[in-house]
Structure formats: structure tokens, C-alpha cells
Amino acid sequence: MVIEVVRIGQRVVRDDRVTTHVALVSRAFGAKKIFMTEVNPEIKDTLGKINKTWGGDFEVEFVEKWKTVIKTKKDENYKIVHLSMYGEKISDVQEKIGNEENLLIVVGAEKVPREIYELADYNVGVGSQPHSEISALAILLDRIQKGEQFEKVFPNAKRKIIPTKTGKNVQVKETRD
Ligand code: SAM
């Protein structure tokens, strides 16, 4: 399954940290790429540094228009999953979504345009209370991959954590840049 994420319409500057965390969760929970609109270019550098240290080739792409991404992905047979507290219950659709081939997950920052609800193949609520795109995304990614995302290996990492009961155990691979 290929999973990509698009975050639409952040509140300029104020949301930089949240946007970075949406990207970090996407990467750590098995997505391949995130598309973003209206963001600080430093976020791309931050994720680039994370890839260099912790491995993998998670991609960040800045886009002018979120609608173009959704339409292009629909043409490529991706299913569009829009996270919204108004959507249907996650427990009712997680199985079906988990069996789809390719997914584009849409999260908002503030009020999202009405049109997204119609463009989406699934409007999914992680509970019916307002909370955060970071938590909604993490829970959806975990439910549809059933925890398997944490077995994924991030290739070419300079640092690799060996999980331990106490303390820290980090393997460091020396490489020449
Ligand atoms: N009032 C906004 C609205 O009506 O869209 C909510 C904005 S919320 C801070 C930002 C994003 O978090 C939403 O666009 C949605 O993607 C996600 N989100 C928040 N609560 C959610 C929930 N209960 N279920 C699914 N997604 C949620």
C-alpha cells in the first residue's frame, strides 16, 4: 500500500510546528510523501535532515493548489481519505481503507473547503470531537496498518535505535558526506 498525505491551508507562521509534526508523523508512521500548501520552506530542510540521520527517503513537496493534487491522485486511482470530525466512524471504515491499494490522506489546518467532502472517497472521523490533525493522522495510520508501520526499516540511516527497557542504545554508522 502506498500512502501519501496532503495538508491544506495552514495558518501562516503560527502553524509551523504543527505542520512539521504532521510531516514527522506521516514519515514515522509509514507514509511515502507529504504535499503542503502555504508553508515555511524550512520544513523541507528539517525533514531532509531527519531522513539523513534516521534513514528513508520521505518526500516533502510544496504545492500551489491542493485541488490539483487531489485530482491528479484520483486519476492515478488513489482513494482520497479526508479526516474530519464530521466523517463516518473510523471503526466502521478502517478495515476497508486498509485494503485499498493507494491512499491520499487529506488533513486540514483550519476550516476546510466544503468541496473536499465531495472529492473524498472516505470522510473519516476519529471520534466526533474536535482535536488535532496530528492525532487524527496518527490514529488513522495506525488503524489501517495495524501497527505494521513500526516494523518498517528506514534504509541508509546514520543512527538506528535499538529499543531497550532502560537507557538509550543507538547504533551510529559513520559515513562520509
Ligand atoms: N474547525 C475545523 C473544521 O471544521 O474543519 C477543525 C480544524 S482542526 C484544528 C484541523 C484538522 O484536524 C481538521 O481539518 C481535520 O483534518 C483534523 N481533525 C480534527 N479533529 C478531528 C476528528 N475528530 N476526526 C478526524 N479529523 C480531525
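One-based numbering, in listed order, for ligands and for the atoms of each. In what follows, residues are counted from 1 in the order of the sequence shown.
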Are any side-chain N or O atoms of His82 and backbone N or O atoms of Gly87, one a donor and one an acceptor, separated by less than 3.5 Å?
-> no
Just go through Lys111, Arg7, His131, Lys89 and tell me whose heavy atom is the nearest to atom 21 (C) of ligand 1.
-> His131
Heteroatom distance test (Gly127, ligand 1): nitrogen or oxygen, under 3.5 angstrom | yes
Using a 4.0 Å heavy-atom threshold (strictly under), name the region of Ser132 that reaches ligand 1: side chain, backbone, both or neither.
-> backbone
Any residue meeting ring-ring contact (aromatic ring centres under 6.0 Å, His included) with Phe150, in chain and number order, not counting sequence neighbours = Phe29
Residue pair Thr19 / Met36: nearest heavy atoms and the distance that separates them | CG2-CE, 3.5 Å
Those atoms of ligand 1 less than 4.0 Å from some heavy atom in Leu83 = 15 (C), 16 (O), 25 (C), 26 (N)
Return yes when Val124 approaches ligand 1 closer than 4.0 angstrom through a heavy atom, no otherwise.
-> yes
Quick one: look at Gln129 and ligand 1, take heavy-atom pairs under 4.0 Å, and tell me if it's side chain, backbone, both or neither.
-> backbone
Any chance you could measure Ile161, atom CD1, to Trp54, atom CH2, to the nearest 0.5 Å?
-> 4.0 Å
According to a 4.5 Å side-chain heavy-atom criterion applied to Ile, Leu, Val, Met, Phe, Trp and Tyr, with indirect links allowed, do Ile134 and Val81 form part of one hydrophobic cluster?
-> yes
Any sub-3.5 Å donor-acceptor pair from Asn51's side-chain atoms to Asp57's backbone N or O?
-> no
Subset of ligand 1 atoms that lie under 4.0 Å from at least one heavy atom of Val107 = 16 (O)
Could you tell me which atoms of ligand 1, counted from 1 in the order shown, lie closer than 4.0 angstrom to a heavy atom of Ala136?
-> 25 (C), 26 (N), 27 (C)
Quick one: which ligand 1 atoms are inside 4.0 Å of a heavy atom on Ala109?
-> 7 (C), 8 (S), 9 (C), 10 (C)
Relative to the heavy atoms of Ser84, which atoms of ligand 1 are at a distance of less than 4.0 Å?
-> 24 (N), 25 (C), 26 (N)
Hey, does Pro130 come in under 3.5 Å of ligand 1, counting only N/O atoms on both sides?
-> no
Which atom names give the shortest non-hydrogen contact between Tyr117 and Val112, and what distance separates them?
-> CE1-CG2, 3.8 Å
Ligand 1 and Val126, any nitrogen or oxygen pair closer than 3.5 angstrom?
-> yes
Got a sec, which pairs hit salt bridge (charged side-chain N to carboxylate O under 4.0 Å, His left out) with one end in residues 88-99, sequence neighbours left out?
-> Glu95-Lys146
